[in-house]
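Data block below; observations after.
The basis for the numbers below is simple: all heavy atoms, side chains too, and nothing from hydrogens, waters or symmetry mates. This is a predicted model, so every value here is computed, not measured. Numbering of ligands and ligand atoms starts at 1, following listing order.
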Amino acid sequence: MNNNENENHALPKTHPRYQSLKYRHKIIEGVKELVVAEAGLIAHGRGECFDYILGERTNIYAKKAINAAVAMLLLANKPVISVNGNTAALVPEELVKLSDAINAPLEINLFYQKKGRIDAIRKVLEDAGAKNILGIDKEKMTGLDNLESNRRFVDVVGIYQGDCIFVPLEDGDRTEALKKIGKKVIAIDLNPISRTAIWADITIVDNIVRALPEMVNLAHGLKETNKSQLKEIIDSFNNKKNIQDTLELIKDYIDTQKEDAFKILKT
Ligand code: ATP
């Protein structure tokens with residue numbers, strides 16, 4: 001048993017922050033195994049902070065966005081799921097299940113390309129049952145002209161050709177670059193005002209650990225829905241309005257929390 005497993009065993013399930021700490025450990029373990037970049041720790045922390053002020057639950061606006069996102073993925077001709085280190089560490093099985101349910105390949109796409117990372121992520125995905133993994137063969141990669149970071153390298157049969165790219169945890173630069181070359185972009189980001197959130201066609205403001213399982217269930221539920229009904233779901237969704245509503249929700253949540261906290265402070 002390694003140290004991390006010891007730490008996990010020491011964490012009682014009744015601990016009020018059990019879920020949050022469980023996923024924190026997954027990220028830490030991911031760093032040790034090269035799956036997660038060191039900067040991924042900080043990105044995760046930023047996510048935790050936003051999750052806290054969203055009440056750590058999938059809210060009604062996230063559900064609306066999930067509905068539209070799954071409809072768009074099912075309607076796409078060539079959907080692709082972009083995978084980075086944090087997503088592979090947190091939700092490998094769900095990524096594979098979603099890939100199967102919507103018939104979309106998983107493409108590894110990294111900002112920090114430390115030696116061995118792609119193999120480490122590939123192993124995590126294969127262990128979770130993935131069969132169709134792109135972004136691993138340098139011969140089949142090409143660079144997007146309008147992007148300078150390492151994330152510009154995309155697989156010629158994956159993101160390069162894809163019409164709808166699902167980017168759970170993305171950086172704003174690439175979301176913008178993908179949009180500018182005509183891709184539909186679906187993002188999951190706990191920060192409703194990140195550049196990713198603002199640039200995406202559909203922004204799911206939720207934690208990937210809750211949103212991905214919801215998407216898998218819904219993908220099975222909507223699979224038999226006809227194309228015009230899927231289109232209706234997408235057309236009735238307004239991303240800007242949904243982000244505005246999410247921001248209002250955060251404001252309301254903070255007000256409620258403030259009142260509760262002040263009651264305790266008074267005593
Ligand atoms: P942008 O370039 O889009 O403005 P950023 O530079 O602020 O993004 P990054 O550091 O690239 O952000 O990535 C972290 C983002 O991912 C943050 O917006 C954070 O809220 C979000 N995030 C981190 N962990 C999760 C998670 N588990 N689920 C959903 N979102 C997450």
Side-chain angles (χ1 to χ4, degrees), residues 17-31 35-59 61-66 69 81-95 98 108-114 117 121 124 144 146-152 165-180 183 185-216 239-240 242-243 246-247 249-250 253-254:
R17 308 219 52 76
Y18 176 77
Q19 286 296 327
S20 169
L21 292 173
K22 184 178 89 177
Y23 288 111
R24 201 179 269 190
H25 284 301
K26 283 190 188 233
I27 289 286
I28 294 169
E29 196 61 20
V31 173
V35 172
V36 174
E38 282 153 6
L41 289 166
I42 297 164
H44 185 79
R46 181 178 285 174
E48 280 187 349
C49 181
F50 279 100
D51 208 9
Y52 204 90
I53 56 171
L54 278 156
E56 292 175 306
R57 56 176 185 260
T58 303
N59 62 66
Y61 306 112
K63 284 186 183 166
K64 282 186 185 182
I66 287 172
I81 303 172
S82 182
V83 178
N84 74 353
N86 285 39
T87 47
L90 292 172
V91 284
E93 281 90 10
E94 287 76 11
L95 287 169
L98 187 67
I108 300 172
N109 183 277
L110 306 176
F111 193 92
Y112 297 100
Q113 299 204 347
K114 200 171 179 177
R117 268 196 86 204
I121 294 172
V124 166
L144 300 177
N146 54 351
L147 192 62
E148 282 180 13
S149 79
N150 279 330
R151 297 197 84 167
R152 73 182 178 278
I165 320 297
F166 175 43
V167 290
L169 310 196
E170 187 62 56
D171 63 80
D173 285 1
R174 199 169 74 117
T175 310
E176 188 178 340
L178 291 172
K179 279 301 303 162
K180 285 186 173 162
K183 313 283 182 192
V185 178
I186 298 168
I188 301 183
D189 196 329
L190 277 159
N191 176 1
I193 48 171
S194 73
R195 287 169 309 144
T196 301
I198 302 299
W199 271 95
D201 293 276
I202 297 177
T203 308
I204 302 166
V205 183
D206 197 13
N207 197 316
I208 56 165
V209 304
R210 295 189 299 268
L212 256 291
E214 287 260 354
M215 291 180 79
V216 173
N239 204 43
K240 184 177 172 188
N242 215 53
I243 289 175
T246 307
L247 288 167
L249 194 93
I250 291 176
Y253 183 75
I254 290 175

dist His44:NE2 -> Ser20:OG (nearest 0.5 Å) comes out at 6.0 Å
Asp189 meets the salt bridge (charged side-chain N to carboxylate O under 4.0 Å, His left out) criterion, sequence neighbours left out, with none
Between Arg17 and Glu56, is there a side-chain heavy-atom distance shorter than 4.5 Å? yes
What are the two closest heavy atoms between Leu110 and Val83, and how far apart are they? CD2-O, 4.4 Å
Is Asn86 touching ligand 1 with its side chain, its backbone, both, or neither, if touching means heavy atoms under 4.0 Å apart? neither
Proximal atoms of ligand 1 relative to Asn191 (non-hydrogen, under 4.0 Å): 18 (O), 20 (O)
Identify the closest protein heavy atom to atom 3 (O) of ligand 1: which residue and atom is it, and at what distance? Thr196 OG1, 2.6 Å
Verdict with supporting geometry, Leu178 and Trp199, side chain to side chain contact (heavy atoms under 4.5 Å, CB included): CA-CA 10 Å; Leu178 291 172; Trp199 271 95; over 6 Å; no
In terms of side-chain heavy atoms, does Ser82 have a donor or acceptor partner in Arg174 at a distance below 3.5 Å? yes
Looking only at distances, can you tell me whether any N or O atom of Asp173, backbone or side chain, sits closer than 3.5 Å to an N or O atom of ligand 1? no
The test is salt bridge (charged side-chain N to carboxylate O under 4.0 Å, His left out); show your working for Glu94 and Arg210 and say whether it passes. CA-CA 10 Å; Glu94 287 76 11; Arg210 295 189 299 268; over 6 Å; no
Atom 25 (C) of ligand 1: which protein heavy atom is closest, and how many Å away? Leu169 CD2, 3.5 Å
Is the closest N or O pair between Leu90 and ligand 1 shorter than 3.5 Å? no
Ligand 1 contact by Asn207, heavy-atom criterion under 4.0 angstrom: yes
closest protein heavy atom to atom 8 (O) of ligand 1 is Ser194 CB, 4.1 Å
For atom 14 (C) of ligand 1, the closest protein heavy atom turns out to be Ala43 CB, 3.6 Å
Could you tell me whether Arg195 and ligand 1 have an N or O pair separated by under 3.5 Å? yes
Does even one non-hydrogen atom of Asp206 get within less than 4.0 Å of ligand 1? yes
For the OG1 atom of Thr196 and the CD1 atom of Ile198, what is their distance to the nearest 0.5 Å? 9.5 Å
In Å and rounded to the nearest 0.5 Å, what is the CG to CE distance from Asp206 to Met215? 10.5 Å
How close does the nearest protein non-hydrogen atom get to atom 12 (O) of ligand 1, and which residue and atom is it? Arg46 NH1, 3.4 Å
To check your reading of the model: name the closest protein heavy atom to atom 1 (P) of ligand 1, its residue, and the distance in Å. Gly172 N, 3.5 Å
Within ligand 1, which atoms have a heavy atom of Gly47 less than 4.0 Å away? 19 (C), 20 (O), 22 (N), 23 (C), 24 (N)
Please state which part of Asp189 comes within less than 4.0 Å of ligand 1, counting heavy atoms only: side chain, backbone, both or neither. both
Can you confirm, on distance only, whether ligand 1 has an N/O atom lying under 3.5 Å from any N/O atom belonging to Leu190? yes
Taking atom 11 (O) of ligand 1 as the point of reference, which of Val91, Asp171, Ile42 owns the nearest heavy atom? Asp171
Closest heavy-atom pair and its distance - Ile121, Gly85: CD1-CA, 3.8 Å
Which value, rounded to the nearest 0.5 Å, describes the distance between Asp51 atom CG and Asn191 atom CG? 12.0 Å
Is Ile208 close to ligand 1, meaning an N/O of one under 3.5 Å from an N/O of the other? yes
